[in-house]
2 protein chains.
Amino acid sequence: MTSTAELSHIGLRLFLERGFEATTVDDIAAAAGIGRRTFFRYFPSKNDLAWGDFDALVASMREHLAATPAELPMIAALRVAIVEFNRFPVEEIEYHRQRMRLILNAPALVGHSALRYQSWRTAIAEFVAARAGGTPDDLLPSTVGSVMLGLALGAYAYWLAHPETELVTAIETAFDELGAAFGDA
Amino acid sequence: MTSTAELSHIGLRLFLERGFEATTVDDIAAAAGIGRRTFFRYFPSKNDLAWGDFDALVASMREHLAATPAELPMIAALRVAIVEFNRFPVEEIEYHRQRMRLILNAPALVGHSALRYQSWRTAIAEFVAARAGGTPDDLLPSTVGSVMLGLALGAYAYWLAHPETELVTAIETAFDELGAAFGDA
DNA sequence: ACCTAATCTGGCATCGAGTGCCAATATGCG
DNA sequence: CGCATATTGGCACTCGATGCCAGATTAGGT
């Protein structure tokens with residue numbers, strides 16, 4: 001009767017109340033009224049609880065990128081796609097912020113994020129490979145994939161530290177400033 | 001009697017022979033002739049075994065950056081520092097490659113790398129903050145820190161997949177291609 | 001409603017990483 | 001040599017994660 005979404009909310013609430021480390025899987029299972037063993041059927045790990053269905057978002061970013069007109073320069077295309085990927089309805093923003101604060105601060109989750117972001121980077125790399133001709137293993141695709149992730153994470157760090165700003169604005173500004181910095185290198 | 005370097009070599013050898021997951025801390029301790037408990041006094045975790053004294057390298061990169069002439073544009077300064085950070089004596093290159101292949105492929109180590117690279121990113125962010133005026137928490141410093149890490153990781157991925165190339169060349173090329181891509185955005 | 005097959009559940013045992021505690025051992029120094 | 005100080009490693013424990021299996025639940029056909 002418990003859904004993954006429900007379980008995720010229960011877990012997230014406990015993480016925010018007591019901290020990620022201090023919350024055990026037993027705590028979460030007990031709070032949800034399920035067995036510990038069952039928890040691991042809903043989520044492959046305690047770490048994954050904090051990630052909604054990220055994979056669905058990555059899939060939609062893939063589609064967005066695939067539908068991008070070829071005239072748009074590569075970086076400009078990525079800029080639009082990444083901004084859209086990170087645009088959330090107003091009512092979800094606060095929730096998203098808390099979730100991301102957890103993911104980007106709790107050490108175990110920071111580590112886990114490197115694994116979860118792999119699919120995101122691959123989506124970018126495949127787009128770049130398709131654009132530039134070649135494979136996602138080539139230098140430019142793999143570098144742009146990692147670099148775009150870096151850009152997004154930099155913007156997130158800023159957004160989390162400065163609650164008055166907007167995430168999409170931070171991302172746009174990061175693109176501008178980075179373009180300028182590379183411009184006069 | 002056992003030094004950290006010695007222990008690190010023993011562990012790395014086992015990781016390469018049997019794989020990271022398949023090697024337990026007990027195996028490593030036994031191979032080194034020490035107790036399991038003692039292992040954890042030399043290294044805080046099994047994951048850290050694969051990282052030499054990365055912190056010393058980061059410290060020297062910090063010094064290099066601090067000594068950079070102010071006339072050199074920021075990205076150019078970072079380029080030199082990152083290339084030098086990743087320049088190793090010929091006889092160490094093969095060892096370094098194996099170590100990095102492990103770190104960037106074994107899932108547990110990929111995750112752990114996100115934690116270890118934090119100090120590297122901070123070093124970059126602090127340099128950028130000093131250059132641009134402001135704090136490392138500002139948007140440009142934190143973004144450039146993450147982006148430079150992304151660039152380096154992209155170059156590493158390429159280098160690991162293409163053994164015939166040189167790491168420093170891959171990094172230089174990554175800077176060139178990224179500059180060009182941002183140029184016509 | 002009823003029975004059967006497929007699925008879901010959760011208890012139990014086990015593994016492996018990591019940590020606190022403490023007694024035994026080794027080491028440095030006067 | 002003898003004392004103070006590290007270093008060592010055994011033991012017990014916590015917690016995440018996984019295999020196994022029996023019991024419960026659900027779906028579907030009659």
Side-chain angles (χ1 to χ4, degrees), chain A residues 1-51 53-55 99 102-103 105-116 118, chain B residues 1-51 53-55 99 102-103 105-116 118:
Chain A
M1 268 305 82
T2 321
S3 70
T4 50
E6 217 178 307
L7 199 47
S8 171
H9 280 98
I10 294 173
L12 225 54
R13 190 171 44 73
L14 291 178
F15 291 161
L16 292 172
E17 284 171 15
R18 319 182 190 175
F20 181 78
E21 287 289 331
T23 308
T24 70
V25 172
D26 282 291
D27 293 339
I28 302 165
I34 61 175
R36 161 203 176 64
R37 192 63 186 79
T38 304
F39 172 88
F40 284 108
R41 287 216 183 74
Y42 282 91
F43 289 92
S45 78
K46 179 185 165 189
N47 292 331
D48 284 298
L49 204 51
W51 294 74
D53 53 351
F54 183 71
D55 293 341
R99 217 162 49 78
L102 206 52
I103 289 178
N105 285 319
L109 293 178
V110 173
H112 193 65
S113 73
L115 302 173
R116 296 300 308 253
Q118 250 161 356
Chain B
M1 268 300 86
T2 321
S3 70
T4 50
E6 218 177 308
L7 200 47
S8 172
H9 279 98
I10 293 173
L12 224 54
R13 190 171 45 73
L14 290 178
F15 291 161
L16 292 171
E17 283 172 15
R18 317 183 191 175
F20 181 79
E21 286 290 331
T23 308
T24 70
V25 172
D26 282 291
D27 293 339
I28 302 165
I34 62 174
R36 162 204 175 64
R37 194 63 187 75
T38 304
F39 171 88
F40 285 107
R41 288 217 182 75
Y42 281 91
F43 290 91
S45 78
K46 179 186 165 187
N47 292 330
D48 284 298
L49 204 52
W51 294 75
D53 53 352
F54 183 71
D55 293 340
R99 217 163 50 78
L102 207 52
I103 288 178
N105 285 318
L109 293 178
V110 173
H112 193 65
S113 74
L115 302 172
R116 296 301 306 255
Q118 250 160 355

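Here is the naming used below: chain letters follow the sequence lines, and residue numbers restart at 1 for every chain.
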Check whether any side-chain heavy atom of B:Phe20 sits under 4.5 Å from a side-chain heavy atom of B:Pro107, and report yes or no.
no
With [X] via salt bridge (charged side-chain N to carboxylate O under 4.0 Å, His left out) - residues at least two apart:
| X | value |
| --- | --- |
| A:Arg116 | A:Asp48, A:Asp55 |
| A:Arg37 | none |
| A:Asp53 | none |

For residues 17-32 of chain B, the salt bridge (Lys or Arg N to Asp or Glu O under 4.0 Å) pairs (sequence neighbours left out) are B:Arg13-B:Glu17, B:Arg18-B:Asp27, B:Asp26-B:Arg36
Just verifying a value: how many Å separate [X] [atom1] and [Y] [atom2], rounded to the nearest 0.5 Å?
| X | Y | atom1 | atom2 | result |
| --- | --- | --- | --- | --- |
| B:Ser8 | B:Phe15 | OG | CZ | 9.0 Å |
| A:Ile10 | A:Ile28 | CD1 | CD1 | 9.5 Å |
| B:Ile34 | B:Leu7 | CD1 | CG | 4.5 Å |

Dot-bracket notation for DNA chain D, counting Watson-Crick and G-U pairs under 3.5 Å, with | for partners on another strand:
||||||||||||||||||||||||||||||
Expected string for nucleotides 12-19 of chain C under the B/S/- scheme (protein heavy atoms, under 4.0 Å, primed atoms plus P, OP1, OP2 as sugar-phosphate) is B---SBBB
Grab the [atom1]-[atom2] distance between [X] and [N] for me, whole Å please.
| X | N | atom1 | atom2 | answer |
| --- | --- | --- | --- | --- |
| A:Leu49 | D:dG16 | CG | P | 12 Å |
| A:Ile34 | C:dG11 | CD1 | P | 11 Å |
| B:Arg41 | D:dG10 | CZ | P | 11 Å |

Side-chain N or O of B:Tyr42 less than 4.0 angstrom from OP1 or OP2 on D:dT8?
yes
